[in-house]
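Along the sequence shown, residues are numbered consecutively beginning with 1.
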Amino acid sequence: MQYLHTMVRVSDLDASLHFYCDLLGLTEVRRKESEKGRFTLVFLAAPEDEARSAELKAPELELTWNWDPEEYTGGRNFGHLAYRVDDIYALCEHLQANGVTINRPPRDGHMAFVRSPDNISVELLQKGEALPPKEPWASMENTGTW
């Protein structure tokens, strides 16, 4: 398993970049804009992590700015922790066998979401290419929120 990033939603991208980059000293390492999804993702790395970020896309802070204004309450501005895993199906089977609810099953062989005992959302991402779809995951519905 490898730690990838922590995602936080921001309401003012410019103010957030000023805080994280200009004041804290993080560096913007890449950006993704989605016209269809109406959001911008900005990935930041600490100065000593820039080389690893360039090579591994980790460890990073992901700022998510939704273009349509939204008021974040109840911790919704904090998104999730993300980890790259060797075998997403095997890990989800292990978690499920130990009582963890798979909130967003790995239907695509690439991504799943679970929650910690404290209700923190955790994203699991398959290392390398997505695995071929596999049951029971391929037809499993989402459970709760993630």
Please report the closest heavy-atom contact between [X] and [Y], naming both atoms and the distance.
{"X": "Tyr89", "Y": "Gly109", "value": "OH-CA, 3.2 Å"}
{"X": "Leu4", "Y": "Tyr83", "value": "CD1-C, 3.8 Å"}
{"X": "Cys21", "Y": "Leu44", "value": "SG-CD2, 3.7 Å"}
{"X": "Trp65", "Y": "Val10", "value": "CD1-O, 3.3 Å"}
{"X": "Glu141", "Y": "Pro105", "value": "O-CG, 3.5 Å"}
{"X": "Phe43", "Y": "Leu41", "value": "CE1-CB, 3.9 Å"}

Between [Y] and [X], is there a side-chain heavy-atom distance shorter than 4.5 Å?
{"X": "Ser11", "Y": "Glu70", "answer": "no"}
{"X": "Ile88", "Y": "Trp137", "answer": "no"}
{"X": "Val85", "Y": "Lys127", "answer": "no"}
{"X": "Thr64", "Y": "Val8", "answer": "no"}
{"X": "Leu17", "Y": "Val42", "answer": "yes"}
{"X": "Leu91", "Y": "Met1", "answer": "yes"}

Could you tell me whether a side-chain N or O of [X] sits under 3.5 Å from a main-chain N or O of [Y], the two making a donor and an acceptor?
{"X": "Arg115", "Y": "Val122", "answer": "no"}
{"X": "Asn66", "Y": "Asp68", "answer": "no"}
{"X": "Ser53", "Y": "Asp49", "answer": "no"}

Q: Return yes when atom CD of Glu135 has more than 12 non-hydrogen atoms of other residues, nucleotides or ligands closer than 6.0 Å, and no otherwise.
A: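 Yes - once you tally the heavy atoms of other residues, nucleotides and ligands closer than 6.0 Å, there are more than 12.
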Rounded to the nearest 0.5 Å, how far apart are [atom1] of [X] and [atom2] of [Y]?
{"X": "Glu48", "Y": "Thr27", "atom1": "CD", "atom2": "OG1", "answer": "11.5 Å"}
{"X": "Ser34", "Y": "Phe39", "atom1": "OG", "atom2": "CZ", "answer": "4.0 Å"}
{"X": "Leu61", "Y": "Glu28", "atom1": "CG", "atom2": "CD", "answer": "11.5 Å"}
{"X": "Leu13", "Y": "Thr40", "atom1": "CG", "atom2": "OG1", "answer": "6.5 Å"}
{"X": "Asn98", "Y": "Glu93", "atom1": "CG", "atom2": "CD", "answer": "12.0 Å"}
{"X": "Phe113", "Y": "Leu124", "atom1": "CZ", "atom2": "CG", "answer": "8.5 Å"}

Establish whether [X] and [Y] are linked, either directly or via other cluster members, by ILVMFWY side-chain heavy-atom contacts under 4.5 Å.
{"X": "Phe19", "Y": "Val29", "value": "no"}
{"X": "Val114", "Y": "Leu131", "value": "yes"}
{"X": "Leu81", "Y": "Leu56", "value": "no"}
{"X": "Phe78", "Y": "Trp146", "value": "no"}

Worksheet entry | Basic-acidic side-chain contact under 4.0 Å: Lys57, Glu60 |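 Looking at Glu60 together with Lys57, the answer is no, because their closest N to O distance does not fall below 4.0 Å.
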Review point. Pick from Met111, Arg104, Arg84, Met7: which one makes a side-chain contact (heavy atoms from CB on, under 4.5 Å) with Glu123?
Key: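 Only match with Glu123 under side-chain contact (heavy atoms from CB on, under 4.5 Å): Met111.
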- Begin with the C-alpha distance, continue with both residues' side-chain angles, and end with the deciding distance and a verdict on side-chain contact (heavy atoms from CB on, under 4.5 Å) for Leu95 and Ile102. CA-CA 8 Å; Leu95 292 170; Ile102 309 300; 4.2 Å; yes
Using the six-membered ring wherever Trp is involved, compare the ring planes of His80 and His5 and label them parallel, tilted or perpendicular (cut-offs 30° and 60°).
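Judged by the thresholds at 30° and 60°, the geometry between His80 and His5 is perpendicular.
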- prompt: Would Thr6 and Glu62 count as a side-chain contact (heavy atoms from CB on, under 4.5 Å) if you check the C-alpha gap in whole Å, the side-chain angles of each, and the deciding distance to 0.1 Å?
  reply: CA-CA 6 Å; Thr6 297; Glu62 172 190 327; over 6 Å; no
